[in-house]
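Structure, as structure tokens:
Order of the sequence lines sets the chain letters (A, B, ...), proteins ahead of strands, with each chain counted from 1.
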Amino acid sequence: MDGLTDAQAEAVQHTDGPLLVLAGAGSGKTRVITRRAAYLARMVARADEILAITFTNKAAGEMRERITALGVGRHMWICTFHALCARLLRTYAAEVGLQGNFTIFDQADSRALVKQAISKSDLNADNWSPRAMQERISQAKQNLKTPSEYASTEAYDFSGKAVAKIYEHYQSMLEDQNACDFDDLLMRTARLLEDNKGVRLALSDRFRYLLIDEYQDTNHAQYLIATHLARAHRNLCATGDPDQSIYAWRGADLQNILDFEADYEDAKVVRLEQNFRSSGAILSAASELISHNEHRKHKKLWTTDEFGASVELWTCESANIEAEKIAEAIEQYISEGGQPGDVAIFYRINALSRVAEDALRRKHIPYQIARGVEFYARKEIKDTLSYLRLISNPADETALMRAINTPTRGIGKVTLERVADYARVNGITVDAAVQAAETISTLKTARKKVGAFAELIRGLRDLPERPVKRIVQAVIERSGLEAEFNKQGGEIENDALDNVYELVNAAGDYDLENPEGSLTEWLQQISLVSDQDMIDDERGAVTLMTLHAAKGLEFPIVFMIGLEEGMLPHQRAAEDRLGGIEEERRLAFVGMTRAMKRLTLSWAMYRMVRGVTERTLMSHFLGQLPEDEIVTREFVDEKDRSLAHLGRFNQMDIESQYVDGFYPGCRVRHEDYGEGEVVRLETRMRKQYVRIRFREDGERSFALEHVSLYVID
DNA sequence: AGGTTAAATCTTTTT
DNA sequence: GATTTAACCT
């Protein structure tokens, strides 16, 4: 109980019966749940009888670390909802009609499958956008509706019938591939608990104590899972803050936390309203803003901290000026002995990271971007993963279809159709058909190629289960991917290759942390990464991230950029659903309350969006701050506006072909390789490359910023 | 089959 | 501005 307030201690010591902790921003919630979990393990339960559900893997990892430091909790279950479900589904795979090695499809995989399902349903993808269909299927799953239930309850109009049909095809294809999408993990677990009495009793008996963090952002399926698991012992502790609910668009239901006391009439409620994180100035500004939400229970956060530095509001001529000024301020901070790691920059949409990134790079300020999901969505990573998935789960046809001709092996559409036909006729998986290439009579010259691929996969499957790193290494070497990336990458830096090696290293890290691990489990782990998980606290770098990714974190110094009408609040979000504006305001509130010492809000009068520079308006949220407490600064100078137009070339139009004096066909001299001819200019990963054909060394790519070339003639 | 080029489309947030 | 798709060429 060291250093806890009365309210905090109360929450920690309440052991029996339901408990709701309404924890305002910065009120020491993490501390409370950590101590509580440790307290339970020390006083009333075994560690493995306690299940703590966090919002991200990063949060889970930190909690485990702290609890371990308190000397208990080695075997406590600490994970996210999705990870919990994946684990349970692997255990009870047989009961739910899966195999234990099922693949978890990410959103891109899932969307591609939806697209296939649309054409299977004899519908046109032009009229039925895969994106929208995916969304509707996702909603159906969040409400635990199977395809047939959906068909009988929702399909009363034309569009509903179409969705039902697509959903049915989609789901059966998923099942054929022994795969789950994100929603499946929750839905299948919820259904398992609902339909299977034995499992329900076993699990709810097993978890005597349940802690669920960020309860305000649980959806219906998660709510049901929690309810079922808590049924036997009723020791459910939910923590959260309605003011920080920012995932309604993903199906989160604020009502879950608001109804907690109705669900559990004997619930004890603890309110934590003293803020230990932010200065008085920051807290005051954030409180004032959130008070403009009408649908909100009154709550007053308070602090004994001094007022501190005023919150600043910067008006900038252009987005480039905005980024420039922020970079300058960070530079200044560092020169005064501050650490780059103290600083964070938040924005509403990922696209805004770019200007900030460029400015930081120009000033050589170390930075990192919180983007786990994007990393694993990269082409080179997905290429590599497709092999690993196929090794782990032979039914994963999506992976097979990608791997079989990446890098190109001369196995094209026609061949694949023949193989797939053979599989269908014989009632086997495509993988099995590939493995039996020798006996497919319709194949001619391609038979050898398919056979070679089958051999490759067999060899990889024969590798020992551990270490996983060795499997990953074998994949990139034997598949030819490594050679391919080597060939196509730039001379001095090669992003694709670097990324793949980073993946290899990640596998190595996994091996170290999980001596009993497996390829399947590692694949699961990386399927469920969040943007937050990739943040390295030890790195000493400025951290850039979306407001959503900032949830649960704190930084001494925070910049929030792009405070413009339509950006924050975001236009689409505000229009899309009822209460959209209020959720956007909560998002701003979450961002502001991450700051401990200094908070700067900025907006740019001109910003380039989708390649066009547009005049903006100040976000009306900025008018809802305590005016007399805020310090305003202006960086407005018309001549700076042209900076808003600074950009790089993408497609080769006449003008941009001559960028830096190079154009396709022009002859150049390279310091090491000698004379050559420019094949083309290209942009990859935000960098410009020039591809040159040399007489003897063939074609090579160079990153423009790293190479000196001389134009001949 | 594979690769190049131009046109079309698009981003809001994410487990 | 960036990415995806379609059309075109080898």
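- Taking the side chain as every heavy atom from C-beta outward, A/Val373 and A/Gln107 never approach each other to under 4.5 Å.
- If you check every strand for non-hydrogen atoms under 4.0 Å, A/Thr56 touches nothing.
- The listed nucleotides are B/dT12, B/dA1, B/dT14; the one nearest the side chain of A/Ala573 is B/dT12.
- Comparing B/dG2, B/dT15, B/dT12 by their closest approach to the side chain of A/Val373 singles out B/dT15.
- Between A/Arg361 and A/Asp358, at least one side-chain N (NZ, or NE/NH1/NH2) sits under 4.0 Å from a carboxylate O, which counts as a salt bridge.
- The side chain of A/Met608 approaches C/dG1 more closely than any other nucleotide in the set B/dG2, C/dG1, B/dT14.
- Within 4.0 Å of A/Arg409, counting heavy atoms only, lie sugar-phosphate atoms of the nucleic acid but no base atom.
- You can call A/His570 stacked on the base of B/dT12; the centres are under 5.5 Å apart and the planes sit within 30°.
- Taking atom CZ of residue A/Arg111 and atom C1' of nucleotide B/dT14, one finds them 12 Å apart after rounding to whole Å.
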Tabulated below should be each protein N or O lying under 3.5 Å from an N or O of nucleotides 5-10 of chain C; please produce it.
unit_1: C/dT5; atom_1: OP1; unit_2: A/Lys115; atom_2: NZ; d: 3.4

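- A heavy-atom distance below 4.5 Å is found between the side chains of A/Met592 and A/Leu289.
- Residue A/Asn256 holds its CG atom at 9.5 Å from CD1 of A/Ile212, rounded to the nearest 0.5 Å.
- Here the nucleotide nearest the side chain of A/Thr408, chosen from B/dT14, B/dA1, B/dG2, is B/dG2.
- Dashed line: the shortest gap from a side-chain N or O of A/Thr546 to OP1 or OP2 of B/dT14 is under 4.0 Å.
- Here the two rings, on A/Trp249 and A/His548, have centers that are under 6.0 Å apart.
- In the set B/dT14, B/dA1, C/dG1, the nucleotide with an atom closest to the side chain of A/Val414 is B/dA1.
- Map A/Arg250 and A/Gly412 each onto its nearest nucleotide of DNA chain B; the residue landing nearer the 5' end is A/Gly412.
- No engagement by A/Asp183 is indicated, since no non-hydrogen atom pair under 4.0 Å with the nucleic acid exists.
- By the 5.5 angstrom centroid cut-off and the 30-degree plane limit, A/Trp249 is classified as stacked against the base of B/dT13.
- A/Asp531 comes within 4.0 angstrom of sugar-phosphate atoms only, judged by non-hydrogen atoms across all strands, and of no base.
- Rounded to an integer number of Å, the gap from CG of A/Asp184 to P of B/dT15 is 18 Å.
- Between A/Asn350 and B/dT13, a side-chain N or O to OP1/OP2 separation shorter than 4.0 Å is present.
- The C1' atoms of B/dT11 and C/dA6 are separated by 22 Å, rounded to the nearest whole Å.
- Relative orientation of the A/Tyr247 and A/Phe55 rings is tilted, given thresholds of 30° and 60° on the angle between their planes.
- In this entry the distance linking CZ of A/Arg131 with C1' of B/dT14 reads 12 Å, nearest Å.
- Classified by interplanar angle (parallel below 30°, tilted 30° to 60°, perpendicular above 60°), the ring pair A/His82/A/Phe182 is perpendicular.
- Atom CZ of A/Arg389 sits about 4.0 Å away from atom CG of A/Asp109, to the nearest 0.5 Å.
- OP1 or OP2 of B/dT15 has not a single side-chain nitrogen or oxygen of A/Asn57 nearer than 4.0 Å.
- Taking every side-chain heavy atom of A/Ala351 into account, B/dT11 is the closest of B/dT11, B/dT12, B/dT15.
- Comparing B/dT13 with C/dT4, their P atoms sit 14 Å apart, to the nearest whole Å.
- Summarising the geometry, the separation between CG on A/Asp217 and P on B/dT14 is reported as 13 Å, rounded to the nearest angstrom.
- Checking B/dT15, B/dT13, C/dG1 against every side-chain atom of A/Gln107, the shortest atom distance belongs to B/dT15.
- With the nearest nucleotide of DNA chain B identified for both A/Gly410 and A/Ala83, A/Gly410 has the one nearer the 5' end.
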For this session: Any chance you could lay out the side chain to side chain contact (heavy atoms under 4.5 Å, CB included) test for A/Leu528 and A/Leu185, step after step, and finish with the verdict?
Result: CA-CA 11 Å; A/Leu528 299 178; A/Leu185 295 174; 3.9 Å; yes

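- Residue A/His548 places its side chain closer to B/dT13 than to any other of B/dT15, B/dG2, B/dT13.
- When heavy atoms are screened at a 4.0 angstrom cut-off, A/Tyr247 is found touching the sugar-phosphate backbone but no base atom.
- One can place CD of A/Gln525 at 14 Å from C1' of B/dT15, the figure rounded to the nearest angstrom.
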